[in-house]
Amino acid sequence: MELTTQIQRQEIEKIIELELIKRGISVSITVKEVTQRLKLTSSSFQTTPVLFKEIKIIDFGSYVTEKGKVIEVGVSVSAYYEHFDGGSNVVKLFSITINCFDDEARLIKCI
């Protein structure tokens with residue numbers, strides 16, 4: 001059973017995309033809820049100059065919990081990158097906590 005609505009997930013996408021823009025990353029992301037956690041993905045993007053074969057935004061751990069009428073969402077937003085020689089790695093960009101009320105989502109903490 002999903003705890004978040006489609007409208008709340010769209011709001012979460014907007015909040016995370018804004019935090020990424022603040023860090024100089026302009027990319028569209030998609031948020032899906034899977035078994036009380038969020039699945040965060042983006043399309044591939046590049047840096048200038050090109051440093052990696054591929055870079056994507058992913059979640060590296062998340063949770064969705066119900067606290068009364070409030071749904072708390074926490075996501076560790078990370079960048080997955082692949083080297084030209086085939087190796088890959090993940091680096092954490094920030095952790096974010098968002099509270100959802102009805103069809104609204106509000107940023108609580110971003111570190």
Approximate separation, where rounding is to 0.5 Å, of Gln6 CD and Lys32 NZ = 10.0 Å
Same apolar cluster (I L V M F W Y, side chains within < 4.5 Å links), Phe60/Phe94 | no
Sub-3.5 Å donor-acceptor pair from the side chain of Arg37 to the main-chain atoms of Gly61, do we have one?
-> no
In sequence, state the C-alpha distance, the side-chain angles, and the governing distance for Leu93 and Ile25, and then conclude on side-chain contact (heavy atoms from CB on, under 4.5 Å).
-> CA-CA 11 Å; Leu93 300 175; Ile25 301 169; 4.0 Å; yes
Measure the OG-CG distance between Ser42 and Leu40 for me, rounded to the nearest 0.5 Å.
-> 7.5 Å
Just wondering, do Thr97 and Tyr63 contact through their side chains at under 4.5 Å, heavy atoms?
-> yes
Measure from the side-chain N and O atoms of Asp85 to the backbone N and O of Gly87, and report whether any donor-acceptor pair falls under 3.5 Å.
-> yes
So does Lys22 pair up with Glu19, basic N to acidic O under 4.0 Å?
-> yes
Distance in Å, Lys92 NZ paired with Ser76 OG, rounded so as to fall on 0.5 Å steps | 5.0 Å
Distance in Å, Lys14 NZ paired with Leu107 CG, rounded so as to fall on 0.5 Å steps | 15.0 Å
Can you tell me how far NZ of Lys109 sits from CD1 of Ile98, rounded to the nearest 0.5 angstrom?
-> 12.5 Å
Report yes if some heavy atom in the side chain of Tyr81 is under 4.5 Å from a heavy atom in the side chain of Ser88; otherwise report no.
-> no
Are any non-hydrogen side-chain atoms of Ile57 and Thr41 less than 4.5 angstrom apart?
-> no
Taking the side chain as every heavy atom from C-beta outward, state whether Val77 and Asp59 have any atom pair closer than 4.5 Å.
-> no
Looking only at heavy atoms, the pair that brings Ala105 and Gln8 closest together is CB-O, 4.2 Å
Given Glu13 and Thr30, is the side-chain contact (heavy atoms from CB on, under 4.5 Å) satisfied, shown in steps?
-> CA-CA 7 Å; Glu13 287 172 4; Thr30 304; 4.2 Å; yes
How far does OG of Ser78 sit from CD1 of Ile58, to the nearest 0.5 angstrom?
-> 5.5 Å
Passes side-chain contact (heavy atoms from CB on, under 4.5 Å), Val27 versus Ser43? Steps please.
-> CA-CA 7 Å; Val27 66; Ser43 55; 3.8 Å; yes
Is it the case that one hydrophobic cluster holds both Val91 and Val75, taking links as side-chain heavy atoms less than 4.5 Å apart, direct or via other members?
-> yes
May I have the step-by-step check of side-chain contact (heavy atoms from CB on, under 4.5 Å) for Leu20 and Ile29, ending in yes or no?
-> CA-CA 10 Å; Leu20 288 168; Ile29 61 164; 4.1 Å; yes
Identified side chain to side chain contact (heavy atoms under 4.5 Å, CB included) counterpart of Cys100 within the set Val64, Val70, Leu3, Ile12 = Ile12
Side-chain donor-acceptor pair under 3.5 Å between Glu72 and Thr65, yes or no?
-> no
Kindly list each side-chain donor-acceptor pair under 3.5 angstrom involving residues 45-54, sequence neighbours excluded, with atom names and distances?
unit_1, atom_1, unit_2, atom_2, d
Gln46, NE2, Phe52, O, 2.8
Gln46, NE2, Lys53, O, 3.0
Thr47, OG1, Pro49, O, 2.8
Thr47, OG1, Leu51, N, 3.4
Glu54, OE2, Ser44, OG, 2.7

